[in-house]
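Sequential numbering from 1 along the given sequence is applied to the chain's residues. Predicted model, so just to flag it, every value in this text is computed and none were measured.
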Amino acid sequence: MKKRHAIIIGAGIGGLVAGVELARRGFRVTVFEQGEQPGGKLRTIDVGGRAIDSGPTVFTLPWVFEEIFTSAGSRIDEHLQIRPAELLARHAWRDGSRLDLFSDIEQSAAAIADFAGASEASRYRKFCARAQRVYRTLEQPFMLAQRPSIGTLIRASGLSGLLDLWHIQPFQSLWKALGKSFQDQRLRGLFARYATYCGSSPLQAPATLMLIAHVEQSGVWQIEGGMRRLADALLALLHQHGGKIYYQSIVSKLDVSEARVGGIRLSSGERVCADVVISNSDITSTQSGRLGQQASAAVPAGSNAQRSLSAVTWSLLAECSNFELAHHNVFFPDDYPQEFVDIFEHHRLPSNPAVYVCAQDRGIPSDTRGPERLFLITNAPATGDQGRFLPSVTQSLEAATFKLLADCGLTLNSRPEHAVMTTPADFEVRFPGTGGALYGTPAHGWKSSFSRPGSRSNLPGLYFAGGSVHPGPGLPMVAISGRLAAEAAMSDLGMSAE
């Protein structure tokens, strides 16, 4: 019997997982990637002859990937060396205060007691319990479900689940909820930052996003050799099951016949037929017509059109002094909420942003010769399709960024040729039609998560995967989206997902 053919548009993590899931079930899988390497946002930048992870740097919920490798007849440890990090992140403020959080709650509570007093440590324990309740309430009926709605969530939760939903207060903003959880404003800002993991403002995101705190508290892992190894491992798994990938291959439109997708057309004009097409490109790119007008109409109505956060980043080699960096570090300004007012209300670069620093040679065996490899991130508005920022604007942001680091005690010494800046305009080039938004649409308001498109489109034969569709951004969530897309396609073809 002739194998069914599945085309995957884009070799991001969601696309690769969808390809693996279909290939292991007997599909002939072909991936078309416009870039030169797999991974999507999971990329490296060469600086001074050394590769720097310049995309997602936090790896959580490894069980999601363990299941994918096991289901495909392999083991993740055959492809990757992953080790848990005892120290989750180091946090610093201008007043000289510093706080480390750990994978062990009691160790973190002890650090918070030294940092802000025993009462705040007690509040932290209660916050962790609440975040865990949110996660457990939403994991099965929401995160792992095909296309959850408020109704299906309520039906799946039952009476006890309804009580849990009521207790997690989904109608309240994360910022407001944290104001009740902590009296110390530094702690309030620290845990509010979890909203940015899905490209959102803590001032507008629902309190349910505190579940991210539980996800990170459950463990942060590090991949030896860098985050790109995850994409390479999934690609190897795809190849093991006969899948193929073509780089620098641009899909110009979907091939639609009799109101069903029957394949794609490449920019070269070549037509490739398929039984299933899964798009791993950003949903806003599809909405804007970059896969053709019929594909644009295939995005379910009601999708949130607001853009999530973008970023200005620096990939650099630097000599570091006066501050002992961990692998993950966050430096906070005096007025953290103002950052989100600047970005989401005024659509401008923040004047005083928080700064994330990934010190990639810390906490894991690495090549530590010469300057350290650093990746710095500041949040930015997704305005990359409106042109580049004026040099004076980016220079002002850069000055504020490095001043905050210096004020918190970190001195960086780097040569100009050892620094590569990326702005929303650069992300727009890589992900057209997004303005540089890195997380799809933001989780603003309690209904936002239900308006995110699911894996099925309005056009038979077309499915979606990636961080811009359910269940959202973040490596494990994106992987889940790939599995959901593959399961939906098989179900619609009358095939068992097992």
Side-chain angles (χ1 to χ4, degrees), residues 8 10-21 39-42 55-69 71 76 82 131-132 134-149 153 174 193-200 205-206 208-221 223 227 230-231 234 278-284 303-304 308-309 431 434 437-444 448-456 463-488:
I8 313 293
I13 297 301
L16 291 173
V17 169
V20 168
E21 291 292 303
K41 296 181 177 69
L42 202 64
T57 58
V58 179
F59 185 55
T60 58
L61 301 182
W63 63 264
V64 172
F65 293 94
E66 288 168 356
E67 285 186 358
I68 291 165
F69 280 85
S71 297
I76 195 169
I82 302 173
Q132 182 184 56
V134 175
Y135 179 84
R136 290 182 174 175
T137 299
L138 297 179
E139 181 186 34
Q140 289 293 332
F142 181 79
M143 287 186 288
L144 301 179
Q146 265 293 346
R147 186 67 179 95
S149 65
L153 181 60
L174 179 62
R193 184 178 170 273
Y194 286 118
T196 67
Y197 282 34
C198 57
S200 308
T208 50
L209 285 192
M210 67 176 64
L211 68 86
I212 300 174
H214 173 71
V215 169
E216 190 162 282
Q217 184 63 62
S218 298
V220 172
W221 277 255
I223 301 175
M227 297 292 287
L230 178 61
L234 287 169
I278 297 179
S279 175
N280 188 207
S281 60
D282 194 281
I283 202 74
T284 58
S303 300
N304 187 351
S308 68
L309 291 169
F431 311 110
T434 65
L438 298 174
Y439 311 87
T441 57
H444 287 169
S448 58
S449 296
F450 298 102
S451 63
R452 190 180 288 271
S455 55
R456 286 185 172 89
Y463 303 86
F464 301 122
S468 63
V469 301
H470 175 75
L475 291 175
M477 298 299 106
V478 168
I480 290 170
S481 81
R483 298 196 86 171
L484 292 175
E487 290 170 3

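At least one donor-acceptor pair closer than 3.5 Å links the side chain of S308 to the backbone N or O of G440. The main-chain N or O of T441 is found under 3.5 Å from a side-chain atom of R452 such that the two form a donor-acceptor pair. Side-chain atoms of S481 come within 3.5 Å of backbone atoms of G466 as a donor-acceptor pair (strictly under, hydrogens ignored).
Between I68 and L234, the closest side-chain pair of non-hydrogen atoms falls below 4.5 Å. Residues L209 and C198 are in side-chain contact: their nearest non-hydrogen atoms beyond the backbone lie under 4.5 Å apart.
With sequence neighbours excluded, no residue forms a side-chain hydrogen bond (donor to acceptor under 3.5 Å, both in side chains) with E66. The side chain to side chain contact (heavy atoms under 4.5 Å, CB included) search around S218 returns H214, not counting sequence neighbours. For S455, the side-chain hydrogen bond (donor to acceptor under 3.5 Å, both in side chains) test picks out Q146, with sequence neighbours left out. Residues that satisfy the side-chain hydrogen bond (donor to acceptor under 3.5 Å, both in side chains) test with S281, not counting sequence neighbours, are S279. T57 pairs by the side-chain hydrogen bond (donor to acceptor under 3.5 Å, both in side chains) definition with Y356, not counting sequence neighbours. For Y439, there are no ring-ring contact (aromatic ring centres under 6.0 Å, His included) partners, not counting sequence neighbours.
The OG1 atom of T208 sits 6.5 Å away from atom CG of L138, with the distance rounded to the nearest 0.5 Å. With rounding to the nearest 0.5 angstrom, the CD atom of Q217 is 14.0 Å from the CD1 atom of I212. The distance from the CG atom of L230 to the CD1 atom of I223 is 5.0 Å, given to the nearest 0.5 Å. Between W221 atom CH2 and T60 atom OG1 the span is 8.5 Å, to the nearest 0.5 Å. Note: L438 CG to F431 CZ = 7.0 Å, rounded to the nearest 0.5 Å. Taken from CE in M477 to CD1 in I13, the straight-line distance is 13.5 Å, to the nearest 0.5 Å.
Listed here is the closest heavy atom pair of A11 and N280: C-OD1, 4.1 Å. The minimum heavy-atom distance linking A231 with L16 is given by the pair O-CD1, 3.8 Å. Shown here for A131 and M210, the closest heavy-atom pair between the two residues is CB-O, 3.3 Å. Minimum interatomic distance between P453 and S468 (heavy atoms only, all atoms of both residues): CD-O, 4.0 Å. Taking both residues in full, the closest heavy atoms of I278 and A486 are given as CD1-N, 4.3 Å, listed atom of the first, atom of the second, then distance. Minimum interatomic distance between S200 and A443 (heavy atoms only, all atoms of both residues): OG-N, 2.7 Å.
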Go through the steps for L475 and M227 under the test side-chain contact (heavy atoms from CB on, under 4.5 Å), then give the verdict. CA-CA 10 Å; L475 291 175; M227 297 292 287; 3.4 Å; yes

